[in-house]
Amino acid sequence: HVQLVESGGGSVQAGGSLRLSCAASGYTYNRNCMAWFRQAPGKEREGVARIATGSGNTYYADSVKGRFTISQDNAKNTVYLQINSLSPEDTAMYYCAADLSLKPESRWNLPNEYRFWGQGTQVTVS
């Protein structure tokens, strides 16, 4: 199993920035594909970014391109999500997810594709 722990969320004003972190432990070879999702109250969980931990290849949701950046530090088994130009529409619980298999562009944003999940970190923008 892989354990994922998110951190870095908080309350910020519109226009601000945050960097979320996701630290992985356990059988980390099971995390070839890592992604960030978010879920606002009353809405479905939405994939926002994905990274292939081997190649560093990334995908982003159209709604966040240019504002969100996913990155990694494999030495620390940590994936980051830099969020800039925050708006109230970005308010949500942000979750880190991992899976053994890489997800293609057509499926990377589907929650059912990921086996391991963190507990989430709240981002609130006012």
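Excluded from the calculations below are hydrogen atoms, water molecules and symmetry mates; all remaining heavy atoms, backbone and side chain alike, are included.
Here the SG-CZ distance, from Cys33 to Arg50, works out to 4.5 Å after rounding to the nearest 0.5 Å. Going from atom CD of Gln119 over to atom CG of Leu4 covers 9.0 Å, rounded to the nearest 0.5 Å. Taking CD1 of Ile70 as the reference point, atom OH of Tyr59 lies at 12.5 Å (rounded to 0.5 Å). Distance CZ/Phe37 to CG/Leu81: 12.0 Å, rounded to 0.5 Å. Annotation: the span from Asp62 atom CG to Asn109 atom CG amounts to 10.0 Å, rounded to 0.5 Å. The OG atom of Ser17 sits 9.0 Å away from atom CD1 of Ile83, with the distance rounded to the nearest 0.5 Å.
The hydrophobic cluster containing Tyr94 also contains Val125, counting ILVMFWY residues as joined when their side-chain heavy atoms lie under 4.5 angstrom apart, directly or transitively. Linking ILVMFWY side-chain heavy atoms closer than 4.5 Å, directly or via other members, places Val12 and Val64 in a single hydrophobic cluster. Tyr60 and Leu18 end up in the same hydrophobic cluster when Ile, Leu, Val, Met, Phe, Trp and Tyr side chains are linked at under 4.5 Å.
At least one donor-acceptor pair closer than 3.5 Å links the side chain of Glu6 to the backbone N or O of Gly120. Between the Tyr114 side chain and the Trp108 main chain, a donor and an acceptor come within less than 3.5 Å of each other. Thr78 places no side-chain N or O within 3.5 Å of a backbone atom of Ala23 that could act as its donor or acceptor partner. In this structure a side-chain-to-backbone donor-acceptor pair under 3.5 Å is missing from Asn32 to Ser101. Between the side chain of Asp90 and the backbone N or O of Val123 there is no donor-acceptor pair closer than 3.5 Å.
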Chi angles and distances behind the side-chain contact (heavy atoms from CB on, under 4.5 Å) call for Trp36, Ile51: CA-CA 9 Å; Trp36 285 96; Ile51 189 166; over 6 Å; no
Please determine whether side-chain contact (heavy atoms from CB on, under 4.5 Å) holds for the pair Leu20 and Arg38, giving the CA-CA distance in whole Å, both sets of side-chain angles, and the decisive distance to 0.1 Å. CA-CA 12 Å; Leu20 308 183; Arg38 66 184 180 184; over 6 Å; no
Apply side-chain contact (heavy atoms from CB on, under 4.5 Å) to residues Gln72 and Thr53 and explain how you reach the verdict. CA-CA 7 Å; Gln72 62 182 349; Thr53 57; 3.5 Å; yes
Could you walk me through whether Ser7 and Thr121 pass side-chain contact (heavy atoms from CB on, under 4.5 Å), step by step? CA-CA 6 Å; Ser7 61; Thr121 186; 5.6 Å; no
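Residues Arg45 and Met93 fail the side-chain proximity criterion, which asks for heavy atoms closer than 4.5 Å.
Nearest heavy atom pair, residue Arg67 against residue Ser87, reads NH1-N, 4.5 Å. Ala14 approaches Pro88 most closely through the heavy-atom pair CB-CD, 4.3 Å.
Side-chain contact check for Ser63 and Glu89: no donor-acceptor pair (N or O, by modelled atom type) lies under 3.5 Å.
Listed by chain and residue number, Lys103, Arg107 satisfy the salt bridge (Lys or Arg N to Asp or Glu O under 4.0 Å) test with Glu113 (two or more places apart in sequence, or in another chain). Every residue two or more places apart in sequence or in another chain was checked for a side chain to side chain donor-acceptor pair (under 3.5 Å) with Asn112, and none qualifies.
Among pairs with a residue in residues 61-83, none fulfils ring pair (Phe, Tyr, Trp, His ring centres under 6.0 Å), at least two apart in sequence or across chains.
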